[in-house]
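The next block holds one structure in the form of structure tokens; read it before the comments.
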Amino acid sequence: MAAELTVHQLIAKHRPTLDQALEAIRTRAYWSPHPEHPKAYGEQGSLDMAAGKAAFDALLGTRLDLGQPGTDDFVGGEVSPYGIELGVEYPHADVDVLLPAMKAGQKAWRDAGAEIRAVVCLEILKRISDRTHEFAHAVMHTSGQAFMMAFQAGGPHAQDRGLEAVAYAYVEQVRTPDTAEWTKPQGKREPLALTKQFTPVPRGIGLVIGCNTFPTWNGYPGLFASLATGNAVLVKPHPRAVLPLALTVQVARDVLSETGFDPNLVALTAEHPGEGIAKTLATRPEIRIIDYTGSTAFGDWLEANARQAQVYTEKAGVNSVLVESAGDYKGMLANLAFSLSLYSGQMCTTPQNLLIPRDGIRTDEGPKTFDEVVADLARSVDGLLGDDARANALLGAIVNPDVKDRLEAAAGLGEVALVSREIANPEFPGAVVRTPVVVKLDGAKPDDEAAYMSECFGPVSFAVAVDSASEAVELLRRTIREKGAMTVGAYTTDEDVEQAVQEVCLEEAAQLSLNLVGGVYVNQTAAFSDFHGSGGNPAANAALCDGAFVANRFRVVEVRREA
């Protein structure tokens, strides 16, 4: 099949989906082309689930040779948080060979135009979607997410975020017309007339530095935003979570090749243990865009040192929930309990600090003291996780020893209101599974402040006693301003308190959820509608996804001619 015909077929196949995505980001209404239920994939339902597991099992112990130039070795060593050695080997690159090869295909990719780039990206996403069950197991066994969360967050939700980035990229590129006829009157003289041509041109090579906890969900926005705007993309996965992104690169290279483009527009570079190639790559002159999710320390280093690149970072923050009063006390407790428990709190959006007046709160069940609120929350978490099978399905596994160490150390920071307990996983005896810990702290004590004003990533939350709602609002403001926040939650029936919290979030640029009591949680966001992060506080310098996330990945170059 000719490449040109293939591209036209892709436009016919994917243009309706692109148009729906464009409408979704305009209206912010619910929409997704990627089903959330496992049985929605494949005509055989549950048999397709078995095929996905078999495909994952077939990868174990193999070498994933992507056919990339400059491959000088193969590396591996991933061990699942569930105790399984994956044994997959990936290409290690001589970047002096790989980077020039990646640049070679950019001219044809640039000249293809925004629409063709978009539909090629959508074909990549469609083929990933068709293998969602396989990808779910890859995400599960590199991140420690429980299967259903790995399936949804690592599959359809990640694919949604990738598609969202493509839609925003398309909008920004077609904002300027391809050509314009320019005529300027000159009175009695002949008018001045020019024909102007405008071309979106890529910055160069984009570098995606993957994270351990959400390799696809956090990796896809930057990958597809850069690719859709004409850039080649080099993917550097987290050493403990290579497989999901390696499979992604494999699919992308196949699609690019089949549609007549250079497969080296997308490449993978894995690393030897302790090699630390991210720093080396980040300062290469060929790297012009960097997308990073991870620690504040390395994110700050990238922003300070990768001066040749446009750097997009999602770092760490301290997320707070202000609890002033509750119109549905039981609903509030259930919602918070789920938020604290989901994936063992190993999400950048999980609440850490619960700011509660020390004199207690008003509720639909009558007044509740500070101690009663914390004790009731502890009971709600215990009730949610009381059944071990249910607990395993919600908690997943602790992703690395650092999280376990922080969890165990947190118990010594104050009075423990909810003790973390160990849970056995019969299917995966090697998994480390722990329920959350909740520790009481006093907002007026400097020693306690050192704890709650630092991010404690994992299943650790602090119930912080404050003197009043107004003090809670000011502590919220200071936390966002100094430490950043990916999410903020608040429970209040008081209009003045609600307005005060909202004003803080507007002034400090933090995303706010108010009085959530149903099946939507503060630590979850929906593509095409919710913004993940704001880019306006220290937790992240970009939002997923908005125009600012894509617009600076390309520049518009103008060519003028006499008409």
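Only a predicted model underlies this, so the values are computations on that prediction, with no experimental measurement involved.
For the pair Thr27 (side chain) and Ala29 (backbone), a donor-acceptor distance under 3.5 Å is present. Not one N or O on the side chain of Asn231 forms a donor-acceptor pair closer than 3.5 Å with the backbone of Leu227. For the pair Ser341 (side chain) and Phe338 (backbone), a donor-acceptor distance under 3.5 Å is absent. The main-chain N or O of Asp160 is never found under 3.5 Å from a side-chain atom of Glu164 such that the two would form a donor-acceptor pair. With hydrogens and angles disregarded, no donor-acceptor distance shorter than 3.5 Å links the side chain of His34 to the backbone of Ser129. Side-chain atoms of Ser344 come within 3.5 Å of backbone atoms of Leu395 as a donor-acceptor pair (strictly under, hydrogens ignored). The backbone N or O of Gly144 lies less than 3.5 Å from no partner atom in the side chain of Gln346, so there is not a single donor-acceptor pair. Remark: side-chain polar atoms of Asp291 are not paired, donor with acceptor, to backbone N or O of Ile209 under 3.5 angstrom. Asn305 places no side-chain N or O within 3.5 Å of a backbone atom of Thr283 that could act as its donor or acceptor partner. Under the 3.5 Å distance criterion, the side-chain polar atoms of Gln308 are matched with a main-chain donor or acceptor of Ala282.
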> Does the pair Thr313 and Glu303 meet the rule for a side-chain hydrogen bond (donor to acceptor under 3.5 Å, both in side chains), with working shown?
Replying inline: CA-CA 8 Å; Thr313 59; Glu303 291 170 3; 2.6 Å; yes
>> Run Asp65 and Phe74 through side chain to side chain contact (heavy atoms under 4.5 Å, CB included) and show every step you take.
In response: CA-CA 8 Å; Asp65 189 345; Phe74 285 87; 3.8 Å; yes
> After noting the C-alpha distance and the side-chain angles of Gln159 and Thr132, does the key distance pass the side-chain hydrogen bond (donor to acceptor under 3.5 Å, both in side chains) rule?
Replying inline: CA-CA 10 Å; Gln159 296 152 21; Thr132 291; 3.2 Å; yes
> Between Leu281 and Val95, does a side chain to side chain contact (heavy atoms under 4.5 Å, CB included) hold up when you go through it step by step?
Replying inline: CA-CA 8 Å; Leu281 289 169; Val95 293; 3.5 Å; yes
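The aromatic ring centres of Phe549 and Tyr312 sit less than 6.0 Å apart. In this structure, the ring of Phe147 has its center less than 6.0 angstrom from the ring center of His137. A centroid separation of less than 6.0 Å is found between the aromatic rings of Phe214 and Tyr343. Aromatic ring centres of Tyr292 and Phe298 lie closer together than 6.0 Å.
In this structure, Leu265 CG and Ser257 OG are separated by 11.0 Å, a value rounded to the nearest 0.5 Å. Atoms OG1 and NE2, from Thr525 and His532 in turn, are 6.0 Å apart once rounded to the nearest 0.5 Å. For the atom pair OH (Tyr170) and CZ (Arg117), the distance works out to 11.0 Å, reported to the nearest 0.5 Å. Separation of atoms CG (Asn523) and CG (Asn319) is listed at 9.0 Å; rounding is to 0.5 Å. Separating the CD1 atom in Ile124 from the CG atom in Leu163 is a distance of 12.5 Å, to the nearest 0.5 Å. Rounding to the nearest 0.5 Å gives a distance of 10.5 Å between CZ of Arg288 and CG of Asn552.
Nearest heavy-atom pair, Cys121 versus Val166, reported as atom, atom and distance to 0.1 Å: CB-CG2, 3.8 Å. In terms of heavy atoms, Val75 sits closest to Glu271 at CG2-O, 3.6 Å. Of all non-hydrogen atoms in Pro237 and Thr269, the two that sit nearest each other are CD-O, 3.4 Å. Closest non-hydrogen pair, Pro221 versus Thr216, comes out as CD-O, 4.3 Å. Taking both residues in full, the closest heavy atoms of Pro38 and Met148 are given as CG-CE, 3.6 Å, listed atom of the first, atom of the second, then distance.
Using a 4.5 Å heavy-atom cutoff, the side chains of Glu258 and Asp254 are in contact. Under the 4.5 Å side-chain criterion, counting only non-hydrogen atoms from C-beta, Val208 is not in contact with Lys236. Side-chain contact between Leu66 and Thr71 is absent, with no heavy atoms from C-beta onward closer than 4.5 Å. Considering only heavy atoms from C-beta on, Pro202 stays 4.5 Å or farther from Thr229 through its side chain. Side-chain contact check for Arg131 versus Leu247: some heavy-atom pair is nearer than 4.5 Å. Inter-residue side-chain proximity for Ile205 and Ile289 is flagged as unmet; no heavy-atom pair is nearer than 4.5 Å. Counting only heavy atoms from C-beta outward, the side chains of Thr195 and Trp182 never approach each other to under 4.5 Å.
Of the charged side-chain nitrogens involved, none lies within less than 4.0 Å of a carboxylate oxygen, so that Asp178 and Lys196 do not count as a salt-bridged pair. The existence of a salt bridge linking Lys126 and Glu123 is excluded, since no basic side-chain nitrogen approaches an acidic carboxylate oxygen closer than 4.0 Å. Using a cut-off of 4.0 Å between Lys/Arg side-chain N and Asp/Glu carboxylate O, Glu455 and Lys315 are scored as not salt-bridged. In this structure, Glu78 does not pair ionically with Arg240, as no charged nitrogen and carboxylate oxygen lie closer than 4.0 Å. Between Arg28 and Glu23 no salt bridge is recorded (no basic side-chain N to carboxylate O distance below 4.0 Å). Using a 4.0 Å cut-off between charged side-chain N and carboxylate O, Glu172 and Arg553 make no salt bridge.
Of the residues Asp262, Thr248, Asn264, the one that meets the side-chain hydrogen bond (donor to acceptor under 3.5 Å, both in side chains) test with Arg253 is Asn264.
Under the ring pair (Phe, Tyr, Trp, His ring centres under 6.0 Å) criterion, Tyr82 pairs with His141, Phe428, sequence neighbours left out. For Phe135, there are no ring pair (Phe, Tyr, Trp, His ring centres under 6.0 Å) partners, not counting sequence neighbours.
When the shell of 6.0 Å around CD of Glu558 is examined, it contains more than 12 heavy atoms from other residues, nucleotides or ligands. For Arg560, the CZ atom counts as loosely surrounded, since its 6.0 Å shell holds 12 or fewer non-hydrogen atoms of other residues, nucleotides or ligands.
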Report all side-chain donor-acceptor pairs from residues 99-108 shorter than 3.5 Å, counting only partners two or more places apart or in another chain.
| from | atom 1 | to | atom 2 | distance (Å) |
| --- | --- | --- | --- | --- |
| Gln106 | OE1 | Ala232 | N | 2.8 |
| Lys107 | NZ | Asp111 | OD2 | 2.9 |

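For the pair Arg161 and Tyr220, the NZ or CZ position fails the cation-pi test of under 6.0 Å to the six-membered ring centre and within 45 degrees of the ring normal.
A donor-acceptor contact closer than 3.5 angstrom links the side chains of His157 and Glu36.
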